Amino acid sequence: METRNRKKTRKNRGKLSLLLIPLAAVLVGLAVWGPEELAKYRDNGILNQIQAQETRTGTEGYRYSLGSNEKIYILSKCLNNQILPESEQNAMTRGDLDYENLTGIYAFVANKKDASGQDVEESAGIRLANQGIRELKDLGVLPVGIQELTESSYSAVLYSAIDVPDPQNNVLVWKINLDTSLQNANKENRLLDAYVDADTGKIYEFYARTQIASWEAVDADEIAAAWAEYMELGDPQEYENTNPLSENTPYFRKYTFSGMEKEDVVVTVGYYEGINELYLKISK
């Protein structure tokens, strides 16, 4: 009886072994080909289909990427419909403008959030501006003596420059200003105003007090070419038929770059004698 039971047990074990062999083969097959087939199945459910995903701003879509020439064109259009960053010399001579009645299809609005919809601190704009100052000094666009900014002396406000009919065309910029409440502050070798790209830290426009003693010491062509390369705009072209009264100083040169809609952007390199102020601007 016991012998029969042992034989029966060995026979059952043999049957179980025969069953486990194909099961093991199946498991090995799944381990080898399973992940690949599962990935193909998932890809078939995703590829060639439009997917909607909620971003951190709570809206659907994506951020349209603009080229350098497009960005500078949109920003220049917006600035020409707004109060411009300017030197004290320019402010004294321009007179009062009726800003409330300025119209156009471009808007320049204060913003408290970055491109991802997150709140941003003023310090972020100051850091980016300092990055841009270092780069422009290395390129010879700004004199090497220009000081970096401190949070205690400067304000930074984030703005959106928007093409209103096509709002996906927008540029985030920091407007940087020396604090005007600093009475009798030494402005020598300091940046007074600037517009700084909030993504790249590139400086679009600046006014700076320098130790440059005369316009003859300013190589405007070299400054324009170096700045254009830095901004990735292509070679500057000299602006023809310049109105000598278009600036509040006789010391300036104007250049053009391709923009959008077959319209160029005018860039001015200028100098205010007496206060030794150098500027580069994309606004009128």
Side-chain angles (χ1 to χ4, degrees), residues 55-59 63-66 68 71-72 74-88 90-91 99 106-139 141-163 167 169-210 227 230-231 277-283:
T55 66
R56 283 185 290 179
T57 58
T59 60
R63 190 174 178 215
Y64 184 69
S65 179
L66 294 168
S68 297
K71 291 171 78 171
I72 198 171
I74 292 170
L75 181 56
S76 68
K77 285 291 187 181
C78 290
L79 294 182
N80 289 333
N81 284 278
Q82 300 295 318
I83 299 175
L84 307 179
E86 56 189 356
S87 70
E88 293 171 342
N90 196 29
Y99 293 109
Y106 294 90
F108 194 59
V109 295
N111 196 343
K112 293 186 177 180
K113 297 182 182 296
D114 63 14
S116 63
Q118 302 301 299
D119 293 336
V120 288
E121 300 293 335
E122 242 184 321
S123 57
I126 301 297
R127 286 195 300 271
L128 278 176
N130 281 331
Q131 171 191 312
I133 288 173
R134 290 191 291 268
E135 291 173 344
L136 290 186
K137 287 198 293 187
D138 289 342
L139 293 170
V141 176
L142 281 172
V144 293
I146 296 296
Q147 303 174 40
E148 292 194 10
L149 315 185
T150 59
E151 293 182 36
S152 60
S153 301
Y154 286 84
S155 65
V157 180
L158 189 63
Y159 282 84
S160 292
I162 305 169
D163 179 353
N169 292 337
N170 65 86
V171 185
L172 273 177
V173 294
W174 287 98
K175 182 179 180 180
I176 307 294
N177 295 102
L178 179 65
D179 191 347
T180 56
S181 66
L182 298 175
Q183 298 296 323
N184 301 318
N186 181 10
K187 297 177 182 177
E188 186 177 290
N189 285 329
R190 301 187 78 170
L191 198 73
L192 301 183
D193 302 285
Y195 281 112
V196 181
D197 191 288
D199 293 322
T200 65
K202 302 285 188 182
I203 296 180
Y204 291 101
E205 181 167 317
F206 67 80
Y207 289 83
R209 292 288 177 87
T210 71
W227 177 80
Y230 156 81
M231 295 297 298
E277 189 168 309
L278 178 70
Y279 66 89
L280 184 151
K281 65 177 184 175
I282 62 174
S283 55

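Reckoned from all heavy atoms, side chains included, excluding hydrogens, waters and symmetry mates. Keep in mind that what you see is a predicted model, and the values were worked out from it rather than measured.
The structure places CZ of Phe206 at 9.5 Å from CH2 of Trp227, a figure rounded to the nearest 0.5 Å. Here the CG-OH distance, from Leu280 to Tyr204, works out to 13.0 Å after rounding to the nearest 0.5 Å. With values rounded to the nearest 0.5 angstrom, Thr210 atom OG1 is found 14.5 Å from Lys187 atom NZ. Glu277 CD to Leu192 CG: the interatomic distance, rounded to the nearest 0.5 Å, is 5.0 Å. Taking CG from Asn111 and CH2 from Trp174, the interatomic distance works out to 9.0 Å, rounded to the nearest 0.5 Å. Note that CG of Leu66 is 12.5 Å distant from CD1 of Ile72, once rounded to the nearest 0.5 Å.
Counting heavy atoms from C-beta outward, Asn170 and Ile74 have side chains that stay 4.5 Å or more apart. In this structure, the side chains of Leu75 and Phe108 come closer than 4.5 Å at one or more pairs of heavy atoms.
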Exercise. Given Glu205 and Leu79, is the side chain to side chain contact (heavy atoms under 4.5 Å, CB included) satisfied, shown in steps?
Worked result: CA-CA 11 Å; Glu205 181 167 317; Leu79 294 182; 3.7 Å; yes
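By the neighbour-count criterion of 12 heavy atoms within 6.0 Å, atom CD of Glu188 is densely surrounded, having more than that number from other residues, nucleotides or ligands.
Residues forming a ring pair (Phe, Tyr, Trp, His ring centres under 6.0 Å) with Tyr279 (at least two apart in sequence, or on another chain): Tyr207, Tyr272. Residues forming a side chain to side chain donor-acceptor pair (under 3.5 Å) with Glu135 (at least two apart in sequence, or on another chain): none. Scored by the side-chain contact (heavy atoms from CB on, under 4.5 Å) test, Ala129 finds Leu149, Ile176, Val196 as partners (sequence neighbours excluded). Applying the salt bridge (Lys or Arg N to Asp or Glu O under 4.0 Å) rule to Asp163 yields no partners; only residues at least two apart in sequence or on another chain are considered. Partners of Glu148 under the side-chain contact (heavy atoms from CB on, under 4.5 Å) rule, at least two apart in sequence or in another chain, are Asn130, Arg134. With sequence neighbours excluded, the residues that form a side-chain contact (heavy atoms from CB on, under 4.5 Å) with Ser68 are Glu232, Leu233.
A distance-only check finds no donor-acceptor pair linking the side chain of Tyr195 to the backbone of Ile282 [under 3.5 Å]. No side-chain donor-acceptor contact under 3.5 Å links Lys175 to the backbone of Tyr159.
Nearest heavy atom pair, residue Asp199 against residue Asp197, reads N-OD1, 2.8 Å. The shortest non-hydrogen separation linking Thr200 to Gln131 is O-NE2, 2.9 Å. Contact detail for Leu158 and Ala198: the closest heavy-atom pair is CD1-CB, 3.8 Å. When all heavy atoms are compared, the tightest approach of Gly145 to Asn189 is O-CB, 3.3 Å. Here the shortest heavy-atom pairing between Ser123 and Glu151 reads CB-OE2, 3.3 Å. A pairwise comparison of heavy atoms in Ser153 and Leu178 identifies O-CD1, 3.5 Å as the closest pair.
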